[in-house]
Protein chains: 2
Amino acid sequence: MPDLQQVRKGSTPILILSVLADGKKHGYAIMRELEARSQGYFSMTAALLYPTLHQMEQDGLVQSTWEEGNGVRKRKVYSITAAGGERLAAGSMEWRQFAEQLFHILGKPAAIRGEQ
Amino acid sequence: MPDLQQVRKGSTPILILSVLADGKKHGYAIMRELEARSQGYFSMTAALLYPTLHQMEQDGLVQSTWEEGNGVRKRKVYSITAAGGERLAAGSMEWRQFAEQLFHILGKPAAIRGEQ
DNA sequence: GTATTATATATAACTTCCTTATATATTTCA
DNA sequence: TGAAATATATAAGGAAGTTATATATAATAC
């Protein structure tokens, strides 16, 4: 993994929770939604997404049901749990704290200095 | 590793480079400096710092010389290289981009909205 | 004077997260 | 009919971080 692609490490679960907070979705749709919301920046691969969802379900952050329908492929629909909501709130604060501290060390960017 | 301590992943080299950009320092001093500048938030352990420094030296981002002196323990002093400076600049931009995208998804914090 | 703490560097074993590669199957479009 | 998009999944391997351990000197406390 090239050094410059290290920045996203650890953000996968909170990104998923954030998308699911707006309504339940199946895995593939979560991927597309993240890509759409970030103009392609967060392009998650299936090999990262699905194992992560499995782990999150095991941790009680999300729950799933299989959905079958008229001319549509069978798919597993995920929704956020109460514990997932709490994790999302706590995780958001953690990330904000981290960003504050990081940019305090690196020098605050214009946006954080309020010069947007 | 608890989930909430995942946020710092990948930030180690750039934090080190950022400290060394202000002048050369030995490993232990880098650790203390990071802790001081972040009011204890970035409390790096020796087992993370030293292997990282070794890797960074191998990558040409820092260079080191052993320093011995009057009543002081022998220590390895690191300084940032030209390549390290470039990496610091590029890495800072990467982190800013990431933060922008992440908080766009999570909802911007007060500081980024300019309400500090 | 001896013990503890702080300073200082280092490696080994292990876990976690991510990547690359591969597999399978359905639906839509050219 | 063949390719691309949709949809889920696992295996193998690499990179980053944690916990544990080792070693050694200098400063401070008792």
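Computed from a predicted structure; not experimentally measured. Convention: sequence-line order gives letters A, B, ...; per-chain numbering from 1.
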Between B/Glu100 and B/Arg96 (salt bridge meaning N to carboxylate O under 4.0 Å), is one present in this structure?
no
B/Thr45 or A/Tyr50: which one's nearest nucleotide on DNA chain D is closer to the 5' end?
A/Tyr50
Using whole Å, report how far CG of B/Leu48 lies from C1' of C/dT9.
14 Å
To the nearest angstrom, how far is B/Met56 atom CE from D/dG17 atom P?
11 Å
What is the separation between atom NZ on B/Lys25 and atom P on C/dT9, rounded to the nearest whole Å?
13 Å
In the structure I gave you, are the side-chain heavy atoms of B/Leu61 and B/Leu17 within less than 4.5 Å of one another anywhere?
yes
Length of the CH2-C1' vector between B/Trp66 and D/dT25, whole Å:
13 Å
For atom CE of B/Met44 and atom P of D/dG17, their distance in whole Å:
8 Å
A/Arg32 vs D/dA7: side-chain N/O to OP1/OP2 distance below 4.0 Å
yes
Donor on one side chain, acceptor on other, A/Thr81 and A/Gln63, under 3.5 Å
no
Do A/Ser64 and A/Glu57 have side-chain atoms, one donor and one acceptor, less than 3.5 Å apart?
yes
For atom CG of A/Leu53 and atom P of D/dA7, their distance in whole Å:
14 Å
Less than 4.0 angstrom from a charged side-chain N to a carboxylate O is my criterion; do A/Arg75 and A/Glu67 meet it?
yes
On DNA chain C, compare the nucleotides closest to A/Thr12 and A/Ala46; which residue's is nearer the 5' end?
A/Thr12
Length of the CD-C1' vector between B/Glu67 and D/dA26, whole Å
16 Å
Under 4.0 Å between a side-chain N/O of A/Lys76 and OP1 or OP2 of D/dA9, yes or no?
yes
Just to confirm, is there a sub-4.0 Å distance from OP1 or OP2 of C/dT11 to any side-chain nitrogen or oxygen of B/His54?
yes
Starting from C1' on C/dT27, measure out to CD on A/Glu68 and report it in whole angstrom.
15 Å
Think A/Arg73 has a side-chain N or O under 4.0 angstrom from the OP1 or OP2 of C/dT27?
no
Considering every strand and a 4.0 Å limit on heavy-atom distances, what is the contact class for A/Thr52: base, sugar-phosphate, or nothing?
nothing
